[in-house]
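Worksheet for the structure shown next.
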Amino acid sequence: MPELPEVQTIINGLNQKILRKEIQEIIEFRPGTIIWQIPFTSLGKVVSISRRGKYILLQTSNKINLIIHLRMTGKLVFETDLSKSSTHSRAEIIFRDKTKLIFNDIRTFGKIQIMKKDEEIAAFQNLGVEPLSEEFDAKYLRNELKNKKAPIKNILLDQRVLAGLGNIYVAEILFRCKIDPRKQGNELDLKQLKLIVLHTKTVLEEAIKHNGTTISDYRSVEDKSGEFQNFLKVYGKKTCECGAEISKIKQAGRSTYFCAVCQN
DNA sequence: ATTGCTTCCTGAGCGC
DNA sequence: TGCGCTCAGGAAGCAA
């Protein structure tokens, strides 16, 4: 569920709440949630919290990385009452100061990997560029798309090309570019590639400013909803602002919303 | 190499 | 009220 802006909002919250706290214990309620890639060891203090694509990276003073992926329904909720829990709590990170971070996940696709610091690169090596970085420009996109016949929608969802976009933001970005999501990657012209780069950055920045998009499950670390759902133009909509009906089709097994009048 | 199909799992919403 | 069906924001693994 969470895409880049939601993950970024969570990171911002975590930086307020758990930076410099010492990890006392990690409890796994549902087997398979925590993946220990090293023998069990003391983790130390949380020294940095950052994001790569949709992954959350916690680094500790003992040179250990915790890499968290929330997938569809994962949430991280900061809690000061150690006795509080919920039906979908899959794991908890308990801090020495008697606070905790609950990993809540209805559909159980989310994971927490624990590994040595040096293995961080391996975990991220298949990810494409960060959409908000300078590396992501029309030249990069042109190179990525030149041999691809897949629909542009599918390509933008591919984390190996661009790390962080999901179904909602791809729909919104293509709408703002007025590009048909079914268009083949290699058929787009330079002007269109520039539009994709521009709108990817502006949509993501706007969404981060509004603390992400809450359609159903997503919540911040403080269990608050985002607000960007109020600014969506096509995703989940029936009617376009031009008055035409929004089309809903399946691409790569996922629903795609677009306006056949505005996007072509 | 690229593309698309299936799968993991739970819950909400719909029609009957 | 309840049953069965479809759908859901992700991505790895596999086959063609």
Side-chain angles (χ1 to χ4, degrees), chain A residues 1-10 29-35 37 51-56 67-76 86-91 103-113 122-128 131 143-175 181-187 200 203-204 207-208 210-220 225-238 248-258:
Chain A
M1 109 215 162
E3 307 179 37
L4 188 152
E6 292 76 43
V7 176
Q8 186 60 51
T9 303
I10 290 167
F29 297 119
R30 186 182 196 281
T33 304
I34 312 267
I35 302 162
Q37 295 175 256
R51 182 187 61 71
R52 177 76 175 94
K54 300 174 195 170
Y55 291 86
I56 296 165
I67 298 184
I68 305 173
H69 200 301
L70 302 169
R71 293 290 191 106
M72 304 274 264
T73 53
K75 288 184 227 178
L76 292 173
S86 80
T87 43
H88 302 301
S89 294
R90 306 303 180 195
F103 181 65
N104 209 297
D105 187 11
I106 294 173
R107 285 169 74 182
T108 75
F109 295 161
K111 297 278 177 283
I112 301 178
Q113 292 170 266
F124 294 154
Q125 71 184 356
N126 291 326
L127 291 180
N143 193 45
E144 285 292 322
L145 297 188
K146 66 183 177 199
N147 295 319
K148 293 197 167 73
K149 292 182 180 170
I152 184 62
K153 152 83 187 284
N154 300 21
I155 299 171
L156 293 177
L157 275 180
D158 188 339
Q159 304 299 299
R160 294 168 300 184
V161 175
L162 205 53
L165 298 186
N167 210 27
I168 297 177
Y169 292 108
V170 169
E172 294 300 315
I173 290 162
L174 290 175
F175 176 80
R182 297 167 296 185
K183 191 100 174 168
Q184 286 184 17
N186 60 2
E187 287 178 343
T200 296
V203 166
L204 293 178
I208 290 170
H210 291 99
N211 301 310
T213 301
T214 297
I215 298 292
S216 60
D217 296 294
Y218 165 71
R219 297 291 185 280
S220 70
S225 297
E227 302 94 45
F228 194 69
Q229 62 276 14
N230 302 321
F231 301 89
L232 298 178
K233 292 184 185 293
V234 272
Y235 184 85
K237 302 288 177 191
K238 290 249 184 292
K248 186 183 179 188
I249 60 170
K250 281 269 178 211
Q251 285 181 296
R254 334 270 313 268
S255 54
T256 296
Y257 293 85
F258 70 104

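Per chain, numbering begins at 1; letters A, B, ... match sequence-line order. For clarity, every value in this text was computed on a predicted model and none was experimentally measured.
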* Give the rounded distance in Å between these two atoms: CD1 of A/Ile56 and P of C/dG10. => 14 Å

* Could you check whether A/Asp105 gets within reach of a base, just the sugar-phosphate, or nothing at all, counting any heavy atom under 4.0 Å? => nothing

* Asked: Residues in side-chain hydrogen bond (donor to acceptor under 3.5 Å, both in side chains) with A/Gln251, at least two apart?
  -> A/Thr256

* Let me have a per-nucleotide readout for nucleotides 11-16 of chain C, 5' to 3', with B, S or -, counting only protein heavy atoms under 4.0 Å. => SS----

* Could you check how far CD1 of A/Ile168 sits from C1' of C/dA8, rounded to whole Å? => 10 Å

* **Atom pair distance, as rounded to whole Å: CZ in A/Phe109 and P in C/dA8** => 13 Å

* Distance-only side-chain donor-acceptor flag, A/Tyr169 / A/Glu6, under 3.5 Å -> yes

* Asked: How would you label the contact of A/Ala150 with the nucleic acid (heavy atoms, under 4.0 Å): base, sugar-phosphate, or nothing?
  -> sugar-phosphate

* Nearest 0.5 Å please: distance from the NZ atom of A/Lys248 over to the NZ atom of A/Lys238. => 7.5 Å

* To do: Check the distance between C/dG10's P and A/Asp158's CG and give it to me in whole angstrom.
  => 13 Å

* Structure fact -> With sequence neighbours left out, the residues meeting side-chain hydrogen bond (donor to acceptor under 3.5 Å, both in side chains) with A/Gln113 are A/Gln37

* NA contact type, A/Thr213, heavy-atom cut-off 4.0 Å: base, sugar-phosphate, or nothing? -> base

* Pairing pattern in dot-bracket form [Watson-Crick, G-U; both distances under 3.5 Å; | = partner strand] for DNA chain B -> .|||||||.|||||||

* **A/Lys54 backbone acceptor or donor facing A/Glu3 side chain under 3.5 Å** => no

* Asked: Is the A/Phe228 ring parallel, tilted or perpendicular to the A/His210 ring (thresholds 30°, 60°)?
  -> tilted

* Asked: Hey, is the main chain of A/Arg107 close enough, under 3.5 Å, to the side chain of A/Thr73 for a donor-acceptor pair?
  -> yes

* To do: If a pair satisfies salt bridge (charged side-chain N to carboxylate O under 4.0 Å, His left out) and one of its residues is in residues 155-164 of chain A, list it, with sequence neighbours excluded.
  => A/Asp158-A/Arg160

* Which part of the nucleic acid does A/Ile215 contact within heavy-atom distance under 4.0 Å: base, sugar-phosphate only, or nothing? -> base

* Asked: Base, sugar-phosphate, or nothing for A/Lys250, non-hydrogen atoms under 4.0 angstrom?
  -> sugar-phosphate

* To do: Would you check if A/Leu232 and A/Lys237 make a side-chain contact, meaning some heavy-atom pair closer than 4.5 Å?
  => yes

* **A/Gln159 (side chain) donor-acceptor with A/Gly53 (main chain) under 3.5 angstrom** => no

* Rounded distance in Å between the P positions of B/dG11 and C/dA11 -> 22 Å

* Report the residue from A/Asn167, A/Ile173, A/Leu174 that forms a side chain to side chain contact (heavy atoms under 4.5 Å, CB included) with A/Val170. => A/Leu174

* Take A/Arg90 and A/Pro151, find for each the nucleotide of DNA chain B with the closest heavy atom, and name the residue whose nucleotide sits nearer the 5' end. => A/Pro151

* To do: Sticking with atom P, work out how far C/dC7 lies from B/dC5, rounded to a whole angstrom.
  => 15 Å

* To do: With heavy atoms under 4.0 Å as the rule, sort A/Tyr169 into base, sugar-phosphate or nothing.
  => nothing

* Value in whole Å for how far the C1' atom of C/dA8 lies from CD of A/Gln251 -> 17 Å

* Structure fact -> DNA chain B: first to last nucleotide in contact with chain A (atom under 4.0 angstrom from a heavy atom), 5' to 3', is B/dT3 to B/dG11

* Asked: If you measure only the distance, is there a donor-acceptor pair under 3.5 Å linking the side chains of A/Asn211 and A/Ser220?
  -> no

